[in-house]
Amino acid sequence: MIRWGIFALQLAELFVSSMVHVLYGFYIFSSAVAGDLSQALNDWFSKPNANIEVKAEDPSKTNPDGLPPIVLVHGIFGFGKGKLGGLSYFAGAEKKDERVLVPDLGSLTSIYDRARELFYYLKGGQVDFGEEHSKTYGHSQFGRIYEQGQYPEWDEDHPIHFVGHSAGAQVVRVLQQMLADKSFKGYETSENWVLSITSLSGAFNGTTRTYLDGMQPEDGRTMKPISLLQLCRVGVIFYDWLDIPWLKAYYNFGFDHFNMSWRKMGIWGLVDCLLGNAGPFATGDWILPDLTIQGSIRLNCHLQTFPHTYYFSYATKRTRKILGVTVPSGILSIHPLLFIRVLQMSQWRHPPDVSPPYKGYRDEDWQDNDGALNTISMTHPRLPIEHPSRFVVNDADIQPLQPGIWYYKIVEADHILFIVNRERAGVQFDLIYDSIFERCRKHVFRKTPQTLPNQAPE
């Protein structure tokens, strides 16, 4: 009887969680559509009489001051410039600097695949996922073609600043390691192509939320048979199989290289994917296994913190301790999408009959969270070995900056406070992004300080 009661509670929680996520997704999608319709109507009514020819910009000629680009990399379920109409994942933060790029990467593809795509987005050419990796995970070796790279001159003498939100931070770390390992055929790369990495709620060491959403804590690779992630899996498979061009042009999960369209796999291919015999969810080449604690450790085993790159991290939390118990720090301050997970993650207990994900694991270390990631995971890379780090209270205390060290702050915010909806964060939004862009432009350089626009060299 007790067992059936627990099962009923789990089904009720799954129903509530799935409805909250579906409604939020519908809200985002409808907001984007409404914004596009409003813009189209405005353009139509204010259409000038004169015919003005607008020429497409050449990315190689949009940087007259020689500023290194700041590349904003989105997280899970995210999107870049050009997707979801005029909606901005970073809530317009890209407008704070004249040289900002916002790539659109696969929103659910693996960290590895997204890092490969990010490279070709910047340099140009056809995305090459690598022959060995593609055979291992059962997808095409080559992906989309970028006719013109957004920063084709990118090299050690023209390095880039990266800012990654959530899983986007880990994508950038993997990309930098690939550059160091010279993993891109035909390019002589190095880790020094990256000038700085700034993480905003970055997923460095995994999250216990993955287990609440449906990943098995035993291995961090497989899914529970009844879970939020199973519902997500089925929805994504149908979305990609239907392959509606205008819809995928509006938003794409990024699995085109798995050839899941009905045109290529037919009805039996769909059945195969739904049964878990084919596709990214069968092979594990998607983002959730990379976000488990075990998956992050597997990734981090190969990732370094490099001596000539500057590293910064903003870790977020929406919890506090009351009489020694970790609880959500408020109701109105936490987004409805995240409140249940903030509570659940603050009370998370690793199953006693399952081996801990690493030696020395303690539940209490992982209780502070922001509704998506645990705060301990966001400060700096810790697992399987801890990388050099320094806790920051006041930015003035860390001047001059030293490369090869993770400077981190802990900020009172939930996981999505600094994205999509600028009004929610209020003045905090400007404080965070202004400090990031100012640091990139004024305090981070290798050879000589860069000359900013309208500023004469000293």
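The figures that follow rest on heavy atoms only: side chains count, while hydrogens, waters and symmetry mates do not.
- Looking only at atom types and distance, the side chain of Q176 has no donor-acceptor partner in the side chain of R173 under 3.5 Å away.
- Contact between A93 and F429 at its shortest, heavy atoms only, is CB-CZ, 3.8 Å.
- Looking only at atom types and distance, the side chain of Y311 has no donor-acceptor partner in the side chain of H387 under 3.5 Å away.
- A side-chain N or O of H257 and one of D113 form a donor-acceptor pair less than 3.5 Å apart.
- Counting non-hydrogen atoms of other residues, nucleotides and ligands closer than 6.0 Å to CG of L41 gives a total above 12.
- For S296, the side chain to side chain contact (heavy atoms under 4.5 Å, CB included) test picks out N300, with sequence neighbours left out.
- Checked by atom type and distance alone, the side chain of D104 pairs as donor or acceptor with a backbone atom of G80 at under 3.5 Å.
- Shown here is E364, whose CD atom has more than 12 heavy atoms of other residues, nucleotides or ligands within 6.0 Å.
- For residues 10-35, the pairs satisfying salt bridge (charged side-chain N to carboxylate O under 4.0 Å, His left out) are E13-R341, with sequence neighbours left out.
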Original post:
Is there a side-chain contact (heavy atoms from CB on, under 4.5 Å) between V194 and F306 once you walk through the steps?
Top reply: CA-CA 10 Å; V194 179; F306 294 97; over 6 Å; no
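- Ion pairing between a basic and an acidic side chain is recognised when a charged N comes within 4.0 Å of a carboxylate O; D128 and K185 show no such pairing.
- Between the side chain of S199 and the main chain of S313, no donor-acceptor pair closer than 3.5 Å is present.
- Heavy-atom contacts from other residues, nucleotides or ligands closer than 6.0 Å to OH of Y187 number more than 12.
- For K182, the NZ atom is densely surrounded, since the number of other residues' heavy atoms within 6.0 Å is greater than 12.
- Of all heavy-atom pairs between S134 and F129, the closest is OG-CB, 3.6 Å.
- Side-chain contact between R382 and I376 is present, with at least one heavy-atom pair separated by less than 4.5 Å.
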**OP:** Begin with the C-alpha distance, continue with both residues' side-chain angles, and end with the deciding distance and a verdict on side-chain contact (heavy atoms from CB on, under 4.5 Å) for Y358 and I297.
**Re:** CA-CA 9 Å; Y358 62 90; I297 291 174; 3.9 Å; yes
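- Between F90 and Y433, the two ring planes are perpendicular [angle over 60°; tilted spans 30° to 60°].
- Residues forming a side chain to side chain contact (heavy atoms under 4.5 Å, CB included) with K264 (at least two apart in sequence, or on another chain): N259.
- Other residues, nucleotides and ligands contribute at most 12 non-hydrogen atoms within 6.0 Å of the CZ atom of F238.
- Residue-environment remark: NZ (K409) exceeds the threshold of 12 foreign heavy atoms within 6.0 Å.
- In this view, A315 and T375, M378, T379, I410 satisfy the side chain to side chain contact (heavy atoms under 4.5 Å, CB included) rule, not counting sequence neighbours.
- Taking the six-membered ring where tryptophan is involved, the planes of Y251 and Y239 are perpendicular, since the angle between them exceeds 60° and thus also 30°.
- Between the side chain of Q304 and the backbone N or O of Q177 there is no donor-acceptor pair closer than 3.5 Å.
- Put simply, the side chain of K135 never gets that close to the backbone of Q141: no donor and acceptor are under 3.5 Å apart.
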Please tabulate, for the side chains in residues 69-78, all donor-acceptor contacts under 3.5 angstrom to protein atoms that are two or more places apart in sequence or on a different chain.
residue: H74; atom: ND1; partner: R114; partner atom: NH2; Å: 3.1
residue: H74; atom: NE2; partner: L105; partner atom: N; Å: 3.0
residue: H74; atom: NE2; partner: L105; partner atom: O; Å: 3.2

**OP:** List the steps and the verdict of side-chain contact (heavy atoms from CB on, under 4.5 Å) for W286 and V236.
**Re:** CA-CA 12 Å; W286 66 302; V236 171; over 6 Å; no
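- For T210 and T292, the side-chain atoms include no donor-acceptor pair closer than 3.5 Å.
- For residues 117-127, the set of pairs meeting the side-chain hydrogen bond (donor to acceptor under 3.5 Å, both in side chains) definition, not counting sequence neighbours, comprises E117-Y146.
- Taking the side chain as every heavy atom from C-beta outward, V100 and E98 never approach each other to under 4.5 Å.
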